[in-house]
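Please read the structure below before turning to the comments.
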Amino acid sequence: QVQLVESGGGLVQAGGSLRLSCAGSGRTFNNYILGWFRQAPGKEREFVAAISIGGGSTSYADSVKGRFTISRDNPKNTMYLQMNSLKPEDTAVYYCAADRNPSRLVVPGEYDYWGQGTQVTVSS
């Protein structure tokens with residue numbers, strides 16, 4: 001199994017930027033599809049972005065395309081989410097997730113491993 005720990009969340013004004021990190025331990029990242037999900041108060045957990053094992057293929061939710069960039073550094077066992085032009089509606093707890101072969105990238109239940117989450121708050 002793999003253990004995941006998110007960091008980098010915080011409070012930022014609209015239009016600002018944050019860079020989230022997801023550090024892995026246990027099994028290395030190079031055998032896992034990785035993804036970012038978020039959950040706002042009163043809402044279901046939703047897909048944000050995913051990245052292939054080698055990092056050559058990425059997928060984004062429409063709501064974050066052009067603003068967020070997912071990346072991974074397998075030798076460092078770390079995944080990142082660069083968030084630019086943040087909006088108040090981006091406010092949520094952001095979770096790192098991993099799975100060997102999720103059938104549907106956008107479905108939280110397809111991922112076996114999760115971090116504890118990191119809070120991102122965007123003020124207006």
Given the rule that I, L, V, M, F, W and Y join up when any side-chain heavy atoms are under 4.5 Å apart, are [X] and [Y] in one cluster?
{"X": "Ile51", "Y": "Tyr111", "value": "no"}
{"X": "Ile70", "Y": "Leu18", "value": "yes"}
{"X": "Val122", "Y": "Leu11", "value": "no"}
{"X": "Leu20", "Y": "Tyr113", "value": "yes"}

Could you state the interatomic distance from [atom1] ([X]) to [atom2] ([Y]), rounded to the nearest 0.5 Å?
{"X": "Arg67", "Y": "Ser85", "atom1": "CZ", "atom2": "OG", "answer": "7.0 Å"}
{"X": "Arg19", "Y": "Ser7", "atom1": "CZ", "atom2": "OG", "answer": "9.5 Å"}
{"X": "Leu4", "Y": "Leu34", "atom1": "CG", "atom2": "CG", "answer": "7.5 Å"}

Give a yes-or-no answer on whether the side chains of [X] and [Y] include a donor-acceptor pair shorter than 3.5 Å.
{"X": "Thr91", "Y": "Glu89", "answer": "no"}
{"X": "Ser17", "Y": "Asn84", "answer": "yes"}
{"X": "Gln13", "Y": "Ser123", "answer": "no"}

So, [X] side chain and [Y] main chain: donor-acceptor pair closer than 3.5 Å or not?
{"X": "Glu110", "Y": "Ser103", "result": "yes"}
{"X": "Glu6", "Y": "Gln116", "result": "yes"}
{"X": "Asp99", "Y": "Asp112", "result": "yes"}

Side-chain touch [X]/[Y], heavy atoms, less than 4.5 angstrom:
{"X": "Ile53", "Y": "Ile33", "result": "yes"}
{"X": "Trp36", "Y": "Cys22", "result": "yes"}
{"X": "Arg100", "Y": "Asn31", "result": "no"}
{"X": "Leu86", "Y": "Phe68", "result": "yes"}
{"X": "Leu81", "Y": "Val48", "result": "yes"}
{"X": "Val93", "Y": "Arg38", "result": "no"}

Discussion item. Go through it in stages, so that I can follow the logic: the residues are Val106 and Phe37, the test is side chain to side chain contact (heavy atoms under 4.5 Å, CB included), and I'd like the CA-CA distance, side-chain angles, deciding distance and then a yes or no.
Written reply: CA-CA 9 Å; Val106 304; Phe37 292 78; 5.7 Å; no

Quick check: closest heavy atoms across [X] and [Y], and the distance to 0.1 Å?
{"X": "Gln1", "Y": "Gln3", "result": "CG-NE2, 3.3 Å"}
{"X": "Val2", "Y": "Phe29", "result": "CG2-CE1, 4.2 Å"}
{"X": "Ala92", "Y": "Ala40", "result": "CB-N, 3.8 Å"}

Worksheet item: Going through the distances and angles, do Tyr94 and Met83 end up as a side chain to side chain contact (heavy atoms under 4.5 Å, CB included)?
Response: CA-CA 11 Å; Tyr94 283 71; Met83 305 186 295; 3.9 Å; yes

Discussion item. Before you tell me yes or no, could you show the steps for Met79 and Ser21 under side chain to side chain contact (heavy atoms under 4.5 Å, CB included), namely the whole-Å CA-CA distance, both residues' side-chain angles and the distance that decides it to 0.1 Å?
Written reply: CA-CA 6 Å; Met79 176 179 64; Ser21 297; over 6 Å; no

Practice prompt. Compute the ring centroids of Phe47 and Tyr60, then answer whether they are less than 6.0 Å apart.
Written response: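 Ring centres of Tyr60 and Phe47 not closer than 6.0 Å.
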
Worksheet item: Can you list the steps and then say if Arg72 with Asn74 is a side chain to side chain contact (heavy atoms under 4.5 Å, CB included)?
Response: CA-CA 6 Å; Arg72 63 191 295 169; Asn74 286 337; 2.8 Å; yes

Discussion item. Under 4.0 Å between a side-chain nitrogen and a carboxylate oxygen: does that hold for Lys87 and Asp90?
Written reply: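 The answer is no: the pair does not qualify as a salt bridge.
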
